[in-house]
Amino acid sequence: MRFRFLTILLLIAVQFSAQWTQAQTSPVGWMDMDATLRNLQLLGQLDPNISFAVRPLHYKPGITRRNMTGATIQDIFNDMDSSGSLFKSIHFDDNKGVLRLLPTQFTFKNNTHHPYGWNDEGMIAAKGPQKVVSAGIYSRYGPVSIQLQPQWIRSQNAQFETNASYGSQVSGLQEKFSLGQSSALLHIGGFATGLSTQNLWWGPGQFSSLLISNNAPGFRHFTLQTTQPLCLPIGSFEGQLVSGRLDEDSSFTKGLYENFHLQPRTFSDQWRYFNAVVVTFQPSFFKNFHIGGTRAFQLYKKDFQALGGRFIQRYLPVLVNIFKDKGDDPVDRDQQISLFTRWVFPKAHSEFYFEYGWNDHKSNMRDLLLDPVHAAAYIVGARKVLVLPKRNFLEFSGEITHMAQSVDYVLRGAGNWYVHGGVVQGMTNDRQILGAGSGMGNNVQTMKATWFKGFARLGATVQRIQHDPKALAGSNFFALRDVFWNEWAYGINGRYRLGRFMLSGEMQFTRSKNYAWTNNNQRDNFYSYLQLSYLW
């Protein structure tokens, strides 16, 4: 019976996904295209079943307009700017295969005083200039696709102002080569499986994600994922399951996250096994409403090997019981779990979303009901697009990310978000946070206003960052922090296309009050980010 049910699901998936035979992924954050497609959905020009909670997105063909069945993403981009085709492809063997050059990109980032800025993939958290050069190729033949898009990263990694609470000596100039946004996948209907180093983004957030974003370098992982919404009579589903390896690159910036507990910690340089899953559901009886969840585990190499032949416990811990009293973990490992929702209002050209997560197991349902805020964090945000004459638009967006410990932290400390017990690095790869990159235990409030027409964008951003406001001071459990480090950032951002060149960038002036939790220590920083892409 179970086999028949799975067979029916697979046949339905193949039927609904026949048009996706040449899907290519759009890297997370690439030239802010995610925001462009998200706005098109709010304007009713993009499939409302797409949740934007499982990225990177797959396209060509299949991302369709509501009133133009079969229109591809290229058609939509051509409507935005008809000056030339955005992507050029070479088809061969009677269109069984496709070959496409990926954009060549040069990315530059600089901080004048201290590390700042996130969601920048392979770049490190550092002071001084750094740059990334990326290029690649995409090919697909039959059910097999290969995307090779390596990155070369060079960072000055200059010493920045530190104290006993924040930072340590850095190792200076760094150069690194990585596979970047590369993958090798086998496509079966509306699913794909294979190996990848691409950055992922899970959850509905615009500026941050609780679990996985493009803040840290992409990690090596095996993936099983949907490549389009899987449409069933009860609604549509999207999802992804990954298993991979997180590394500890001790040659890069030391100190940005090491001293947040104000107590000595010994970092293990072992690699860590990482297993995570995300699932979204858009009910057929509740249009434009998405609900979903994520779950992730990580554990050190020695604990992974200690599990021996216990397949589910070793390789797929995301499938084990939610509550601890159903069976304690056989090894020391850390978990994160979140629930989220996103509600799209196409007629009002707006959306609202919310994500709430925990970085610790609950013992049982009673523990969850009595203390639901323990070890919790959340993201809440909204976006609104105003239609102006002559195909001009205004976008207003805002987001609150809250990761400081909850009100019960004095009696029941949970540690900073991303750090809990077993793995002292927290949920990181190469010493950068997998999720919200503002910092462990930080709160961020973001407001943004953007004018856009076609590919052209020009906007202004205001951000407030509260750095770990509820940390304990030293070894005295009841000695709470009495100096607060708050940072305000004011910036402009934009994007412009000229022929086959696409230029996007951002500049921000940041002012820190009580920098590094030092009373009356005011510091200023100028952050700049520039990306130039050539579209072959």
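Nothing fancy with the numbering, it's 1 onward along the sequence.
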Could you check whether N429 and R272, counting side-chain N and O atoms only, form a donor-acceptor pair closer than 3.5 Å?
no
If you round to the nearest 0.5 Å, how far is CG of L224 from CG of L241?
6.0 Å
Check for a donor-acceptor pair, side chain of T104 on one end and backbone N or O of A135 on the other, with a separation under 3.5 Å.
no
Heavy-atom closest pair, residues W358 and H374
CD1-O, 3.2 Å
If only atom types and distance count, is the side chain of D334 paired as donor or acceptor with the main-chain N or O of G426 below 3.5 Å?
no
Go through Y356 and L339 one step at a time and tell me if the side-chain contact (heavy atoms from CB on, under 4.5 Å) criterion holds.
CA-CA 5 Å; Y356 198 90; L339 300 173; 5.6 Å; no
Polar side chain donor-acceptor pair, Y353 to E399, under 3.5 angstrom:
yes
Residues D303 and R333 bridged, charged N to O under 4.0 Å:
no
What are the two closest non-hydrogen atoms of Q206 and S397, and how far apart are they?
OE1-CB, 3.3 Å
Min side-chain heavy-atom separation L185-T223 under 4.5 Å
yes
Would you say the side-chain atoms of N525 pair up with the backbone N or O of H113, donor to acceptor, closer than 3.5 Å?
yes
Sequence neighbours excluded, the answer for ring pair (Phe, Tyr, Trp, His ring centres under 6.0 Å) partners of Y116 is W118, Y527
Quick check for you: to the nearest 0.5 Å, what is the distance between S182 atom OG and L195 atom CG?
11.5 Å
Less than 4.5 Å apart, any side-chain heavy atom of V242 and any of W202?
yes
Here the pair of heavy atoms bringing V318 nearest to F297 is N-CD1, 3.9 Å
CD1/I400 to CE/M447 distance, rounded to the nearest 0.5 angstrom?
10.0 Å
Can you confirm whether F452 sits close enough to T36 that some side-chain heavy atom of one is under 4.5 Å from a side-chain heavy atom of the other?
no
Is any side-chain heavy atom of T428 closer than 4.5 Å to one of Y418?
no
Kindly write out the residues that satisfy side chain to side chain donor-acceptor pair (under 3.5 Å) with R342, not counting sequence neighbours, or none if the list is empty.
Q41, E351
Separation between CD (Q198) and CD (E121), nearest 0.5 Å, reads 10.0 Å
Would L319 and N275 count as a side-chain contact (heavy atoms from CB on, under 4.5 Å) here? Give the steps.
CA-CA 10 Å; L319 302 182; N275 178 223; over 6 Å; no
Would you say CZ of F509 has more than 12 non-hydrogen atoms from neighbouring residues, nucleotides or ligands within 6.0 angstrom?
yes
Rounded to the nearest 0.5 angstrom, the CD1-CG distance for I124 and N157 is 4.0 Å
Which residues pass the side-chain contact (heavy atoms from CB on, under 4.5 Å) test with A449, not counting sequence neighbours?
F396
Residues two or more places apart in sequence or in another chain: which of them pass side-chain contact (heavy atoms from CB on, under 4.5 Å) with T107?
M123, V132, Y529, Q531
Qualifying salt bridge (Lys or Arg N to Asp or Glu O under 4.0 Å) pairs, either residue in residues 197-219, two or more places apart:
none
Partners meeting side-chain contact (heavy atoms from CB on, under 4.5 Å) with M507 (sequence neighbours left out):
I492, F526, S528
Could you tell me whether the side chain of T197 reaches within less than 4.5 Å of the side chain of S178, counting heavy atoms only?
no
Just by modelled atom types, is the Q522 backbone N or O under 3.5 Å from a matching donor or acceptor in the S512 side chain?
no
I'd like to know if the side chain of Q147 reaches the main chain of Q181, judged simply by a donor and an acceptor atom lying under 3.5 Å from each other, with no hydrogens or angles considered.
yes
Of all pairs that satisfy salt bridge (Lys or Arg N to Asp or Glu O under 4.0 Å), the ones with a partner from residues 521-536, not counting sequence neighbours
E161-R523, R511-D524
Using modelled atom types and a 3.5 Å cut-off, is there a donor and acceptor pairing between side-chain atoms of S139 and backbone atoms of I146?
no
Looking only at non-hydrogen atoms, find the nearest pair between S145 and R140 and report the distance.
CB-CD, 3.9 Å
Name all residues meeting the salt bridge (Lys or Arg N to Asp or Glu O under 4.0 Å) criterion together with R464; count only those two or more places apart in sequence or in a different chain, and write none if there are none.
none
For the side chain of N215 and the backbone of L434, is there at least one donor-acceptor N/O pair under 3.5 Å apart?
no
Looking at residues at least two apart in the chain, or sitting in another chain, which of them share a ring pair (Phe, Tyr, Trp, His ring centres under 6.0 Å) with H290?
none
Is a side-chain donor or acceptor of D430 paired with a backbone partner of P217 at a separation under 3.5 angstrom?
no
For H402, check ring pair (Phe, Tyr, Trp, His ring centres under 6.0 Å) against everything at least two apart and list the hits.
Y378
Can a side-chain donor-acceptor contact be found between Y300 and Q425 if the only test is distance below 3.5 angstrom?
yes
Please step through side-chain contact (heavy atoms from CB on, under 4.5 Å) for the pair T518 and Y166, ending with a clear verdict.
CA-CA 10 Å; T518 302; Y166 177 74; over 6 Å; no
Answer whether the closest heavy-atom distance between the side chains of M427 and F274 falls below 4.5 Å.
yes
Side-chain heavy atoms of Y315 within contact of S243, under 4.5 Å
no
Show the nearest heavy-atom pair for residues V133 and F106, with the distance to one decimal.
CG2-CD1, 3.9 Å
Has the side chain of N214 got a donor or acceptor atom that lies under 3.5 Å from a matching backbone atom of N199?
no
Any donor-acceptor pair under 3.5 Å linking the side chain of N111 with the backbone of G128?
no
Sequence neighbours left out, what passes side-chain contact (heavy atoms from CB on, under 4.5 Å) with L532? Give chain and number order.
F501, L503
Any side-chain heavy-atom pair of Q225 and V54 under 4.5 Å
no
How far does CZ of F219 sit from CZ of R245, to the nearest 0.5 angstrom?
13.0 Å
Using side-chain contact (heavy atoms from CB on, under 4.5 Å), reason through N442 and W417 one step at a time and then give a plain yes or no.
CA-CA 8 Å; N442 287 7; W417 183 250; over 6 Å; no
If we ignore angles and hydrogens, is there a donor and acceptor under 3.5 Å between the side chains of T461 and Q508?
no
Sequence neighbours left out, what passes ring pair (Phe, Tyr, Trp, His ring centres under 6.0 Å) with F354? Give chain and number order.
none
For the residue pair E487 and H114, confirm or rule out a side-chain donor-acceptor distance under 3.5 Å.
yes
For P103 against Q149, the heavy-atom pair lying closest together:
O-NE2, 4.2 Å
